[in-house]
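Below is one structure, written out as structure tokens; comments come after it.
A, B, ... follow the sequence lines: proteins, then strands. Residue 1 opens every chain. These figures come from a predicted structure and were not determined experimentally. What you see below is based on every heavy atom in this structure, not just the backbone, and it leaves out hydrogens, waters and symmetry mates.
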Protein chains: 2
Amino acid sequence: MARTGRRPARPADEEASASPDTRSSILAAARAGFALSGYDGASTRAIAAAAGVDAALIHHYFGSKQRLFVAAMEIPFDPDAVRREVVGGPRDTVGERIVRFFLDLWEEPVRRQILLGMVRSAMTDPEAAAMVRRLVIEGTVLPLVAETGVTQSAMRATLVGSQLMGLALIRYVLCVEPLAGTPVETVVAAVGPTIQRYVTAPIEGLPPGAD
Amino acid sequence: MARTGRRPARPADEEASASPDTRSSILAAARAGFALSGYDGASTRAIAAAAGVDAALIHHYFGSKQRLFVAAMEIPFDPDAVRREVVGGPRDTVGERIVRFFLDLWEEPVRRQILLGMVRSAMTDPEAAAMVRRLVIEGTVLPLVAETGVTQSAMRATLVGSQLMGLALIRYVLCVEPLAGTPVETVVAAVGPTIQRYVTAPIEGLPPGAD
DNA sequence: CGCTGAGTTCAGCGAGCGATGAATTACGTC
DNA sequence: GACGTAATTCATCGCTCGCTGAACTCAGCG
């Protein structure tokens, strides 16, 4: 029977290939769990069960639930690549490019799980909230806005962040129709001008020189 | 000593006034708890402790944590009043009026707790998510947009909802500066035109007749 | 073969959770 | 002043949580 102890390896007639190793199936189950229920809501026992594995293995491989979380949330994109892709191109359509890049990020299934996990956890866990703030606002949107050379870049960056986060919330977290089912390019056309305005247009009500 | 049993009433030399009754202090503590940690994160024991009261009293007054939640989240505004206040006035500044009304809602401390509790819970609890969706989108923004008589009102309503929810997220949940510390009227001036565009301007990329 | 170390399971600890039921005390009413 | 009822506390139940330590089994190496 061998209900306990190390599991026999695959027949070894082929290279390491199809069957995923335990560690990565835990990671996949963790991503799914955190995406669905957030950090607190996802239990290590449920994650282990979804991975078809004993709960103690999570601590064997990752040490703690905390460290499993950061491993599962491994940085989902390269902020520098964003800048390279978005900053190039005509300045008067930078809004559309930002929205398109942001939505493409969320459309990829694994990355969507990661981002959902971050967002869902950020609502109640201050540490996850700081993670989102640093990655999205300070790490990506702010440098992007600053690079276009306008004044008041901090204020512009938070305005851009508010529209993008709201979009993700309605479309991917709450899944409100019809926005949730609309093709990316349609949303880009609708929201692009908003971002464009936040990035390049003068902001009323603020002293124009402030930054 | 009398550590158990009913507590003696106030000396009764004055009208019912200063000291709040048990039921409402539980409600206040519940609002604070749910606002800070969401439905799952706030425990009935912690709420009772914050109210200076035994945990069993919660079940005595409200029956269950569920029912305490709905009691604490009692509808925080009247959607009809919104329409009356926002629809009146020039059509080309309806965007500003919507943003102003939305922010004023959040600026009032008790209501902010209620809304925070809803939003924080909606991230992981589908029932709370439906609550937010019905109250904000279908109950308020959609009728408002429909009342202005434009086409594609459902799509417009979700776009408006995305910007408003994103604003609340950045400003009140994640508290990202400088947006979190900016006066209401400044934000109204910055975001108003966005809402205005979503409500009244033609939306590119969609067949103009669709609804 | 025999050893060692990594992979895996199991049983259980201590804490916290929502909820319950009995016991205790005070209020309101006749 | 006795009684019924509402308010309050306490002790506890059954459950789930993150985590630990011991035991067991296989792979790799000599």
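More than 12 heavy-atom neighbours from other residues, nucleotides or ligands sit within 6.0 angstrom of CZ on A/R83. Around CD of A/E127, the count of heavy atoms belonging to other residues, nucleotides or ligands within 6.0 Å does not exceed 12.
Across the protein-nucleic acid pair, A/F69 atom CZ and D/dC19 atom P stand 14 Å apart, rounded to whole Å. Atom CD in B/Q66 sits about 18 Å away from atom P in C/dC17, given to the nearest Å. Whole-Å rounding puts the A/I58 CD1 to C/dT8 P distance at 13 Å. Distance OH (B/Y39) to C1' (C/dG18): 9 Å, rounded to an integer number of Å. The nearest whole Å value for the distance from the CG atom in B/L57 to the P atom in C/dT20 is 15 Å. When the P atom of C/dA19 is taken as reference, atom CZ of B/F62 falls 13 Å away, rounded to whole Å. Look at CD1 on B/I26: it is 15 Å from C1' on C/dG18, rounded to the nearest Å. If you measure from atom NE2 of B/H59 to atom P of D/dT8, you get 16 Å, rounded to the nearest angstrom.
Within the structure, every side-chain polar atom (N or O) of B/T44 is placed at least 4.0 Å from both OP1 and OP2 of C/dA19. Phosphate proximity of C/dC17 to B/S43: present, with a side-chain N or O under 4.0 Å from OP1 or OP2. Considering only side-chain N and O atoms, B/Y61 lies nowhere under 4.0 angstrom from the phosphate OP1 or OP2 of D/dA6.
Residue contacts shown for A/A48 are absent, as no nucleic acid heavy atom lies under 4.0 Å away. Among the atoms of the strands shown, none is found under 4.0 Å from any heavy atom of B/A46.
Under 3.5 Å, the side chain of B/R45 and the base of C/dG16 form no donor-acceptor pair of N or O atoms.
Distance alone, capped at 3.5 Å, places no donor-acceptor pair between the B/T186 side chain and the B/T182 backbone. With hydrogens and angles ignored, the 3.5 Å screen pairs a side-chain donor or acceptor of B/R112 with a backbone N or O of B/W106.
Of the candidates C/dT8, D/dC10, D/dG18, C/dT8 carries the atom nearest the A/T22 side chain, counting heavy atoms from C-beta on.
Residue whose closest nucleotide on DNA chain D sits further toward the 5' end, between B/H60 and A/K65: B/H60.
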> Is there a salt bridge (charged side-chain N to carboxylate O under 4.0 Å, His left out) between A/E177 and B/R133 once you walk through the steps?
Replying inline: CA-CA 10 Å; A/E177 297 294 349; B/R133 191 166 49 233; over 6 Å; no

